[in-house]
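Below is one structure, written out as structure tokens; comments come after it.
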Protein chains: 2
Amino acid sequence: MQSAEIIAIGTEILLGQITDTNSRFLSEELARLGINCFFHTTVGDNPERIIACLKRAASRSDIVITSGGLGPTADDLTMECIADAFGSELKMDEALLAELKEFFAGRGYNMPSSNNKQAMRPVGASILPNPRGTAPGIIWELDRAKLIADGLISGQGQESGTSTIITFPGVPHELRAMWKETVAGFLSERVVGETIYSVELKHIGIGESSLAEKYASLLEGKNPTVAPYAGRGECRLRVTAKASSLAEAESLVKPVVDEILSESGSLCYGRDDDTLESVVGELLRHSKLTVALAESCTGGLVSTRLTDVPGSSEYIGLNLVTYSNEAKMNELQVPASVLEGEGAVSEACARAMARGVRRKAGADIGLAVTGIAGPGGGSEDKPVGLVYLGIDSSQGTDTKELRLGNKSSRSEIRYRTANESLNLLRLYLLERQDKTFEN
Amino acid sequence: MQSAEIIAIGTEILLGQITDTNSRFLSEELARLGINCFFHTTVGDNPERIIACLKRAASRSDIVITSGGLGPTADDLTMECIADAFGSELKMDEALLAELKEFFAGRGYNMPSSNNKQAMRPVGASILPNPRGTAPGIIWELDRAKLIADGLISGQGQESGTSTIITFPGVPHELRAMWKETVAGFLSERVVGETIYSVELKHIGIGESSLAEKYASLLEGKNPTVAPYAGRGECRLRVTAKASSLAEAESLVKPVVDEILSESGSLCYGRDDDTLESVVGELLRHSKLTVALAESCTGGLVSTRLTDVPGSSEYIGLNLVTYSNEAKMNELQVPASVLEGEGAVSEACARAMARGVRRKAGADIGLAVTGIAGPGGGSEDKPVGLVYLGIDSSQGTDTKELRLGNKSSRSEIRYRTANESLNLLRLYLLERQDKTFEN
């Protein structure tokens, strides 16, 4: 089984100015490929310390992955240190230089000369393309026996084979794209390991401890293991198996996943990369229904999340953010009597907003959100965190009251309100699907 | 100046199942006390590797801080490994055991026997109390000369003084409480360090390398240091000074910050916790102007961000997400001829949308966004990433074309478009403020 380790490079991490999320992403992906990761190290922008870390890592692990230090500025030292640590020198890659210049030209800029250094790579290393930015990485397969003979690393029991060095920039979305497009395929072809396979089942409407209680017996299992994690306004159950092949690991996971799916029913909204918005989008597309939103306290967040799904224009034409009472009256025909009597944060207002936006947009479903996100604007009667949702269709209007507590921040209340809105829509669509199926 | 390093212990971190946020918290706090932190290491629940990490850390740093591995289960090994690494043995602390039993009794439970091990500590170590949980830590001051003489660590140039070992549990809120109540005070009494103070100046409309070129001479400074960081659609310059007091550090930072502010002008939109939306909100509030948004490809993201600022109802009443052509015509009076001739993604459409939404909402300023966020919908003529912004006020209409490249993901294009929209509004408000001031 191959081993890897991860080195995050950057003084800003050691100063606590940013959290290193790359190491977690890389670790998760390595585990998926069945590659053991025994160490994470973070080191600052100091050549001596970086070189010592690189040599130690290459001595004890087969694969060394770095993130950070590939930028154009003087404190970006990763490439120089790698060349130095493993006995090579940096050379300009003319083709890469041309590509970089093109990248800048495509955005209407001349490339600053400081970016030249991003086209340098150690002699013998392959370019790891960066589809999202100007800092490419390298993949460099080195002869382990030669590194030991040259006194550059110590063998630590493994004197032959290759040492693979892979470098990423520190920008997370660039690193992730480079992993997916190139490195994942490169490594999975080369490793023969024990595969770890896991499925995450995402739940909404049940807390972590209730979920753990519900599945207490499964949580005792050894292979697969089942573990609950609390997310942001949701909970996940992760089912993980280890086996010598992916197929075997999958076959260990499958019956447990099936059991949970059947037990959880609509409490489980999706798995792995599913989001509430992608699941709702799929249901809308499948049912050929359209939706229109009228948001107050969420200020467009439900709309933003729904339209984050590619192709959402199939089921969304018009959404409104009616922040003021005037906008609620003029645009959605919320009666002045409701606003004066029950107020903008009320069941009646949510109901009227849902009806109004459905009619205005000519959509099949109207979904409305009105509430108090805080920090100001709360009262004893209507505290911060009080929210009303409304959903309207040809089958009638339904509402839901949320009390999201005054201990949450504005953005937390908005996020959880958006979750609940999307979930209300999801449950409505599921029920309607069932009815259609029954008829 | 004292040096520290942080060791996070736990296989779950190496498997990528959780993100280590403790190291960031500890690093930030160490920097505040003026203690240099040169390394973070993460190691799994393996005694041999944990012991090797502990010895290496104690050899090269004055203070070694661990998190994790203090629980009651068999894979919680930190205390055993520390005793082993530094030549001591574990002994039951009877007073601590009584306290633990009391903790459980107070919650109505009998203490499980597995928790006994949480009352064990190396002979000579002091208890670090845990006000929030059952796992206390230790603070252990060891004689460096003796450790070296016993062959337990290597001196690495520093042969005398103390090596301090501090252990925390991995649960973040417990670790933070223990830091605040005990460790912060303990360390600040013992270290004669320097305070680190920094200011971050956030820029938009200039890339990292151009920013570095513009401030090349400042980037060479030693105290304060100036370093550029690329953010998401923005760039930051961080000015950091070290001094023996906070006041002194502040006085070193101030002239450099002033110089950058004056040089950067409107390229610098804010500092530290400022966001584009909070800065725009402040400008709107100050100028007593209202704004209305008409969004297409951003689907409500600009509205979401602007309304994330508490009190935004002062300057926002109504925003629209006009996703379909029909919505653009019906709600914003975009002429059919524009949509048929130039199309929905065009300067003319952005202009009409900005005018339309301003009129509809009765706002002082109308801001419109229309573009192609991808991944589908692009053509040779109008590629993914092509976006038009429009801004309309009593002073006329202005537009801006963006080409955000086809290398970015849908969510990246949407995010950067929102940044550019907020920045267009910011620049408009700044200019209007200047004009008002001149008159």
Side-chain angles (χ1 to χ4, degrees), chain A residues 12-17 19 21 23-29 31 37-44 49 71-75 106-109 112 114-115 131-132 171 173 299-301 303-304 306-308 310-311 313 316-324 326-327 331 361 375-376 410-411 414, chain B residues 13-16 19 21 23-29 31 37-44 49 196 208-210 212-213 219 227-230 238 299-301 303-304 306-308 310-311 313 316-324 326-327 331 361 375-376 403 405 407-412 414:
Chain A
E12 67 277 19
I13 307 174
L14 293 177
L15 287 173
Q17 292 168 347
T19 302
T21 56
S23 296
R24 180 196 173 155
F25 168 79
L26 293 169
S27 297
E28 206 170 4
E29 295 294 320
C37 176
F38 289 135
F39 299 97
H40 296 171
T41 309
T42 303
V43 61
R49 285 192 285 271
T73 63
D75 61 0
R107 299 188 170 197
Y109 297 106
S114 56
N115 288 80
R132 298 277 172 82
V171 183
H173 78 102
L301 182 56
S303 175
T304 301
L306 267 180
T307 59
D308 215 19
S313 55
I316 292 176
L318 172 69
N319 294 328
L320 274 80
V321 178
T322 50
Y323 229 48
S324 66
E326 214 181 0
E331 301 302 322
R410 178 177 178 86
S411 80
R414 282 161 45 107
Chain B
I13 307 173
L14 294 178
L15 286 174
T19 302
T21 55
S23 296
R24 181 195 174 154
F25 168 79
L26 293 168
S27 296
E28 208 170 4
E29 295 294 320
C37 177
F38 289 136
F39 299 97
H40 295 171
T41 309
T42 303
V43 62
R49 286 193 285 270
I196 298 181
E208 187 188 6
S209 43
S210 307
E213 241 169 66
L219 264 53
Y229 297 98
R238 186 186 283 266
L301 181 56
S303 174
T304 301
L306 266 180
T307 58
D308 215 20
S313 56
I316 291 176
L318 171 70
N319 294 329
L320 273 80
V321 178
T322 50
Y323 228 47
S324 65
E326 213 182 0
E331 302 301 321
R403 290 182 180 265
K407 283 199 169 189
S408 300
S409 66
R410 177 178 178 86
S411 80
E412 199 57 31
R414 282 160 48 106

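Below, chain A is the first sequence line, B the second, and so on; all start at residue 1. Values in this document were obtained by computation on a predicted structure and should not be read as measured data.
The choice from B:Leu301, B:Asp308, B:Thr322, B:Ile316 that makes the most heavy-atom pairs within less than 4.5 Å of chain A is B:Asp308. The choice from A:Pro112, A:Ala327, A:Gly376 that makes the most heavy-atom pairs within less than 4.5 Å of chain B is A:Pro112. Ranked by non-hydrogen atom pairs under 4.5 Å with chain B, the options A:Pro310, A:Ala74, A:Gly71 are led by A:Pro310. In terms of heavy-atom pairs under 4.5 Å with chain B, the best-connected choice from A:Ser303, A:Gly16, A:Ala361, A:Ser411 is A:Gly16. Put simply, of A:Gln17, A:Glu28, A:His173, the one with the most heavy-atom pairs under 4.5 Å next to chain B is A:Gln17. Ranked by heavy-atom pairs shorter than 4.5 Å toward chain B, the options A:Val43, A:Ile13, A:Leu15, A:Leu320 are led by A:Leu15. The most heavy-atom pairs under 4.5 Å with chain A, out of B:Gly44, B:Ser27, B:Ser23, come from B:Ser27. Interface remark: of the candidates B:Cys37, B:Ala31, B:Pro228, B:Cys37 forms the most heavy-atom pairs closer than 4.5 Å to chain A. Ranked by heavy-atom pairs under 4.5 Å with chain A, the first of B:Glu326, B:Glu213, B:Arg403 is B:Glu213.
Proximity of A:Glu12 to B:Arg238: side-chain heavy atoms (C-beta onward) are nowhere separated by under 4.5 Å. In this structure, B:Thr41 and A:His40 have side chains that are not in contact, with every pair of non-hydrogen atoms separated by 4.5 Å or more. B:Thr42 places a side-chain heavy atom less than 4.5 Å from the side chain of B:Leu14.
With a 4.5 angstrom heavy-atom cutoff, A:Arg410 touches chain B only via side-chain atoms. Heavy-atom distances place no part of A:Glu29 under 4.5 Å from chain B, backbone and side chain included. Contacts of B:Phe25 with chain A are absent, with no heavy-atom separation under 4.5 Å from either backbone or side chain. When heavy atoms are compared at a cutoff of 4.5 Å, A:Pro72 approaches chain B solely by way of its side chain, counted from C-beta outward.
If you take OG1 on B:Thr307 and OH on A:Tyr323, they are separated by 4.5 Å, rounding to the nearest 0.5 Å. Of the inter-residue distances, the one linking B:Arg49 atom CZ with A:Phe38 atom CZ reads 4.0 Å to the nearest 0.5 angstrom. The distance from atom CG of A:Leu26 to atom OG1 of A:Thr21, rounded to the nearest 0.5 Å, is 9.5 Å.
There is no side-chain donor-acceptor pair under 3.5 Å between A:Thr304 and B:Arg414.
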**OP:** Begin from the C-alpha positions of A:Glu331 and B:Glu331 and carry the test side chain to side chain contact (heavy atoms under 4.5 Å, CB included) through to its verdict.
**Re:** CA-CA 10 Å; A:Glu331 301 302 322; B:Glu331 302 301 321; 4.2 Å; yes
